[in-house]
Engineer: 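Once you've had a glance at the structure underneath, I'll fire off some questions.
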Amino acid sequence: MIQKPTIPKGTRDFLPQDVARRNYIFDTIKSVFKMHGFAPIETPSFELSSTLMGKYGEEGDRLIFRILNSGEKMKRADLSALQEDNLPRFANSLSEKALRYDLTVPFARFVVQHQNELTFPFKRYQIQAVWRADRPQHGRYQEFFQCDADVVGSDSLLCELELIQIFDAVLSRFNLPGFTIKINNRKILTGIAELIGESGKLVDIVVAIDQLDKIGKEGVITELENKGISSKAIVAIQPLFDLQGSNKEKLDKIAVFLSESKIGLKGVEELRNIFSLLDKIEFNHEIIEFDITLARGLNYYTGAIFEVHAHDVKMGSICGGGRYDDLTGLFGLKDLSGVGISFGADRIYDILKELDLFPKYLTEGLTVLFVNFGEKESEIALKLAVSLRANSIDCEVYPSPLKMQKQLKYANDRGVKFVAIIGEEEMKLGKIILKNMESGEQILMDKASFINYFKTTK
RNA sequence: GAGGUUGUAGCUCAGUUGGUUAGAGCGUCGGUUUGUGGUACCGAAGGUCGCGGGUUCGAGACCCGUCUCCCUCCCCA
């Protein structure tokens with residue numbers, strides 16, 4: 001039976017041109033990471049389920065791709081769990097491995113496991129695929145690449161500063177029409193919950209506030225009511241929905257609001273220090289915005305939270321990040337603070353494509369193609385190809401002596417810049433016809449000037 | 001995981017209230033005196049109409065199921 005070839009939903013194939021464009025994105029990000037002293041690491045594409053499960057909140061577990069046990073292990077399936085309708089336990093009995101959901105949690109595992117081999121503060125970057133069993137949508141895939149940079153082993157706000165600089169440096173290189181780095185601090189959110197007497201419902205409050213720009217003030221209030229937040233608390237929290245002004249002014253207002261919350265004030269203090277550092281390096285304040293509604297669901301963040309949005313496109317966040325004080329604690333290494341950011345390469349790709357911002361040179365093809373006229377002629381071509389490559393000129397000899405029409409069409413389709421023609425006549429003369437595929441111009445030249453031609457034009 | 005939408009040639013799509021051999025453009029391949037591509041002209045190949053069932057004398061069109069695409073929500077890059 002013939003099956004129509006297809007790939008799983010939320011995945012994509014990449015043609016040579018796509019790969020060239022993706023590599024451009026990866027290379028740009030890598031070069032900035034490297035410039036700031038981050039070193040690359042890699043971790044396996046799958047981890048033990050126990051490493052990943054429970055690290056991303058209730059919703060997160062649902063989105064983790066599980067890997068089914070194979071062979072004899074399948075017999076360990078917990079059928080009683082299935083009978084009792086306990087699907088999570090049943091799933092755990094069937095699967096002990098899972099595809100990684102992000103790069104941060106595997107990195108925390110990595111740091112704990114290799115703590116004696118690392119020098120702290122440890123700065124690493126990591127560019128690898130991650131998988132989420134999410135429903136695919138615009139800018140949302142089941143397999144996509146994250147480009148992470150994290151610093152662990154330092155609670156200095158200079159780390160936050162550096163990561164903001166990296167956001168700016170990378171995104172500026174892509175020539176986006178505009179972007180905004182949103183920043184908030186989890187401690188401020190904790191302080192708010194504490195102050196209105198609903199500390200136990202931090203997550204519910206955070207999730208509701210996060211939707212302010214989407215569902216509006218009324219929507220958030222309804223949401224809070226649904227979650228059982230007291231009406232007194234809801235009244236108390238309302239002034240926060242109308243925060244206006246510069247980053248500094250908003251921070252001042254929130255500081256007044258949080259004057260009775262120690263942890264809340266700590267968060268304000270941290271943000272003030274970050275803004276002050278940004279001032280000192282004359283960072284462009286236009287692109288950074290303190291946003292009290294920025295929450296991010298990932299429940300391991302404890303300090304700064306980042307999110308970046310591109311202007312003029314309909315797309316979710318293109319970057320995220322934040323500080324986590326106790327992520328490695330989950331794997332048995334206490335008191336190690338980390339902070340990191342992640343670039344969504346695939347979303348950046350979609351935006352650059354939509355806005356036609358990829359550099360032209362990425363689509364340039366082969367420099368020289370030698371037309372093949374037969375055994376004797378191609379021997380000369382093969383020798384010349386060796387000389388060209390010795391001079392770092394990319395070239396190839398067409399593999400078989402088809403009609404020239406075919407070979408030229410091939411050259412045209414490949415986007416070849418020059419075609420070298422060595423047929424019977426040229427062989428007799430000891431010369432080469434060099435044809436410029438763009439202009440159609442042909443020049444008869446000897447071997448020395450042929451090699452030289454590329455040396456000088458390059 | 002909840003809701004909505006889509007599915008006809010490699011791609012983008014036509015296909016009247018169910019009625020003969022399902023069409024177009026682009027692309028592919030071949031040709032236009034065999035040493036010249038990208039333009040032009042001529043010609044050809046290519047579809048069990050997503051898949052499975054049902055209604056009907058008859059289904060690409062109607063009904064049910066299923067998968068997929070895209071969208072909204074949840075969440076996120």
Side-chain angles (χ1 to χ4, degrees), chain A residues 1-12 15 25 29 56-64 87 101-104 127-148 203 206-208 210-211 214-215 219 223 294-299 301 305-310 314-322 340-351 365 369 371-374 377 398 401-427 433-442:
Chain A
M1 188 168 102
I2 295 166
Q3 195 191 353
K4 238 188 183 175
T6 185
I7 53 175
K9 67 177 174 183
T11 64
R12 295 147 297 159
L15 274 61
I25 292 175
I29 293 172
Y56 308 101
E58 291 170 38
E59 288 298 310
D61 282 359
R62 200 191 77 209
L63 299 176
I64 293 173
L87 294 179
Y101 175 89
D102 74 354
L103 301 177
T104 307
I127 297 181
Q128 290 189 279
V130 302
W131 294 268
R132 295 185 187 176
D134 207 352
R135 185 157 296 206
Q137 258 178 70
H138 179 62
R140 177 174 298 202
Y141 305 98
Q142 292 203 337
E143 178 183 64
F144 60 99
F145 271 75
Q146 289 193 326
C147 312
D148 278 30
V203 173
V206 155
V207 167
D210 188 39
Q211 298 177 68
K214 235 180 220 171
I215 59 179
E223 185 71 18
L294 174 61
R296 298 183 58 78
L298 293 178
N299 59 4
Y301 291 130
I305 320 168
F306 306 111
E307 196 164 283
V308 182
H309 291 261
K314 197 167 169 280
M315 177 73 76
S317 58
I318 54 172
C319 310
I341 55 172
S342 181
F343 287 83
D346 301 83
R347 287 187 174 176
I348 292 170
Y349 177 95
D350 288 346
I351 290 172
L369 176 81
V371 175
N372 186 330
F373 278 89
E377 292 90 337
Y398 195 83
L402 299 186
K403 285 203 243 187
M404 180 140 75
Q405 194 183 61
K406 289 239 187 258
Q407 299 190 44
L408 284 179
K409 183 169 159 44
Y410 170 83
N412 192 62
D413 293 347
R414 284 276 312 266
V416 173
K417 294 200 238 1
F418 297 95
V419 166
I421 301 169
I422 308 154
E424 200 178 345
E425 305 216 349
E426 291 74 23
M427 209 164 48
I433 289 177
L434 182 67
K435 180 183 174 81
N436 180 322
M437 288 297 283
E438 203 184 326
S439 64
E441 187 191 10
Q442 301 191 169

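Residue numbering restarts at 1 for every chain, and letters A, B, ... go by the order of the sequence lines. Computed from heavy atoms alone, side chains included, the values below leave out hydrogens, waters and symmetry copies.
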Engineer: Have a look at A/Q146 and tell me which of A/L103, A/T104, A/D346, A/I127 forms a side-chain contact (heavy atoms from CB on, under 4.5 Å) with it.
Structural biologist: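 Only match with A/Q146 under side-chain contact (heavy atoms from CB on, under 4.5 Å): A/L103.
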Engineer: Any stems for RNA chain B, made of 3 or more Watson-Crick or G-U pairs in a row, each with both distances under 3.5 Å?
Structural biologist: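 Paired runs of 3+ in RNA chain B: B:1-4 with B:70-73, B:10-13 with B:23-26, B:28-32 with B:40-44, B:50-54 with B:62-66.
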Engineer: Would A/D102 and A/R132 pass as an ion pair if we require N to O under 4.0 Å?
Structural biologist: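 Looking at A/R132 together with A/D102, the answer is no, because their closest N to O distance does not fall below 4.0 Å.
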Engineer: What about A/K403: does its side chain form a donor-acceptor pair under 3.5 Å with the base of B/U34?
Structural biologist: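 Not at all, since no donor on one side and acceptor on the other fall under 3.5 Å apart.
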Engineer: To the side chain of A/R62, which of B/G1, B/C29, B/G37 is closest?
Structural biologist: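 Of all the options, the side chain of A/R62 is nearest to B/G1.
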Engineer: Hey, does the side-chain of A/N412 have a donor or acceptor N/O within less than 3.5 Å of a partner on the base of B/G38?
Structural biologist: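 No pair found.
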Engineer: May I ask whether A/F144 stacks on the base of B/A77, given the cut-offs of 5.5 Å between ring centres and 30° between planes?
Structural biologist: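 Stacking between A/F144 and B/A77: present.
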Engineer: Over how many whole Å does the gap from A/E307 atom CD to B/C75 atom P extend?
Structural biologist: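 To the nearest whole Å, that distance equals 12 Å.
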Engineer: A/K314 has an atom NZ; how far is it from atom P of B/C71, in whole Å?
Structural biologist: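 Atom NZ in A/K314 sits about 7 Å away from atom P in B/C71.
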Engineer: Would you mind reading off the distance between A/N436 atom CG and B/G37 atom P, rounded to a whole angstrom?
Structural biologist: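 Atom CG in A/N436 sits about 16 Å away from atom P in B/G37.
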Engineer: Give the nucleotide from the list B/U36, B/C74, B/C69 with an atom nearest to the side chain of A/Q211.
Structural biologist: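 Between B/U36, B/C74, B/C69, the one nearest the side chain of A/Q211 would be B/C74.
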Engineer: Quick one: does A/Q405 reach the base of B/U34 with a side-chain donor-acceptor pair under 3.5 Å?
Structural biologist: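 Counting by modelled atom types and ignoring angles, no donor-acceptor contact under 3.5 Å is found here.
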Engineer: Could you check A/F373 against A/G321 and say which one's nearest nucleotide on RNA chain B is further toward the 5' end?
Structural biologist: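 Looking at RNA chain B, the more 5' nearest nucleotide goes with A/F373.
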Engineer: Hey, is the side chain of A/E426 pairing donor to acceptor with the base of B/G35 inside 3.5 Å?
Structural biologist: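 It does, because a donor-acceptor pair links the side chain of A/E426 to the base of B/G35 below 3.5 Å.
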Engineer: Please give, in whole Å, the distance from B/G37 P to A/Y398 OH?
Structural biologist: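 A/Y398 atom OH is separated from B/G37 atom P by 15 Å.
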Engineer: Just how far, in rounded Å, is P of B/C75 from CG of A/D102?
Structural biologist: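 Distance, rounded to whole Å: 17 Å.
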Engineer: Nearest 0.5 angstrom please: A/I422 CD1 to A/I433 CD1, how far?
Structural biologist: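 The CD1 atom of A/I433 is 10.0 Å from CD1 of A/I422, to the nearest 0.5 Å.
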Engineer: Any idea which of B/G37, B/A77, B/U36 is nearest the A/K409 side chain?
Structural biologist: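 The nucleotide sitting nearest to the side chain is B/G37.
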Engineer: Starting at the 5' end of RNA chain B and moving along, which residue's nearest nucleotide shows up first, A/V416 or A/Q142?
Structural biologist: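 It is A/V416 whose nearest nucleotide is closer to the 5' end.
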Engineer: Listed in order of residue number, which residues of residues 134-141 of chain A have a non-hydrogen atom at under 4.0 Å from RNA chain B?
Structural biologist: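 Heavy-atom contacts with RNA chain B come from A/D134, A/R135, A/Q137, A/H138, A/G139, A/R140, A/Y141.
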Engineer: Among B/G35, B/C29, B/A77, which nucleotide has an atom closest to any side-chain atom of A/E425?
Structural biologist: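 Of B/G35, B/C29, B/A77, B/G35 is nearest to the side chain of A/E425.
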Engineer: Could you pull out all residues at least two apart from A/E307 that satisfy salt bridge (charged side-chain N to carboxylate O under 4.0 Å, His left out)?
Structural biologist: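 A/R296.
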